[in-house]
Amino acid sequence: MKNSSLSVVILIAVAIAAYFVAGALAPLQALHLSIAVIIGGAIVLISGGVSTNNDSPVSTSSNETNENIETQTLYVGNLPYRANESAIRKLFSDYGQVVSVRLLKDKQTGKRRGFGFVEMAASDAPKAIAALNEQEFQQRTLKVREANERKEA
DNA sequence: CATGAGCGA
């Protein structure tokens with residue numbers, strides 16, 4: 001839709017340019033028009049062929065499993081109120097790829113509740129638990145455990 | 001601003 005109108009604009013501009021290019025190449029003005037029409041027709045075929053290629057861009061059946069890594073949500077408790085999400089993400093990213101980190105805040109009061117959830121690769125989750133559980137983080141002993149409710153892989 | 005066991009819009 002937008003591609004077609006844009007193709008028309010580009011087509012006109014290219015055709016005009018092709019007309020002058022043809023003027024430089026051919027001595028006769030009739031030949032100018034002929035070459036311009038030929039080039040214009042070629043542009044029409046090319047742009048038409050491109051725009052009508054509306055097949056699904058990534059319909060290759062091998063693309064459906066696009067890095068579907070098994071993720072495990074970890075419960076992280078006893079977090080310091082000063083802790084922000086980036087610090088937690090960086091802390092956990094040393095033991096595995098962190099998918100998402102969410103620190104829970106009270107919706108009513110807006111205050112932080114001191115715990116959160118870290119979603120990371122399931123293969124790296126036990127290592128992160130063993131390494132970060134009962135570990136001191138900003139003078140607070142973290143409690144890292146597998147999440148129980150809400151989301152499960 | 002202040003709080004400290006716990007499992008989430």
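Reckoned from all heavy atoms, side chains included, excluding hydrogens, waters and symmetry mates. Chain letters run A, B, ... following the sequence lines, proteins first, then strands; residues in each count from 1. Everything quoted here is computed from the prediction, not taken from an experiment.
Near-neighbour residues of DNA chain B inside residues 92-101 of chain A, defined by a heavy atom below 4.0 Å, are absent.
Nucleotides of DNA chain B that come within less than 4.0 Å of any heavy atom of chain A span, from the 5' end to the 3' end, B:dA2 to B:dA9.
Between A:Arg112 and A:Leu104, every side-chain heavy-atom pair lies at or beyond the 4.5 Å cut-off. Side-chain contact between A:Ile88 and A:Phe137 is present, with heavy atoms from C-beta onward closer than 4.5 Å.
Using a 4.0 Å heavy-atom criterion, one finds that A:Leu103 contacts no nucleic acid atom at all.
Position along DNA chain B of the nearest nucleotide to A:Phe115 versus A:Lys107 favours A:Phe115 as the more 5'-ward residue.
Residues A:Asn78 and A:Arg140 approach most closely at O-CB, 3.6 Å, considering heavy atoms. The two atoms that bring A:Leu103 and A:Ala83 nearest to each other are CD1-O, 3.7 Å, heavy atoms only.
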Full working for side chain to side chain donor-acceptor pair (under 3.5 Å) between A:Glu119 and A:Thr71:
CA-CA 6 Å; A:Glu119 188 178 5; A:Thr71 58; 3.0 Å; yes

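Heavy atoms of other residues, nucleotides or ligands lying less than 6.0 angstrom from CD of A:Gln135 number more than 12.
By the criterion of side-chain heavy atoms lying less than 4.5 angstrom apart, applied directly or through intervening Ile, Leu, Val, Met, Phe, Trp or Tyr residues, A:Phe92 is not grouped with A:Val99; the two fall into different hydrophobic clusters.
Side-chain N or O atoms of A:Asn133 include one that pairs as donor or acceptor with a backbone N or O of A:Val144 at under 3.5 Å.
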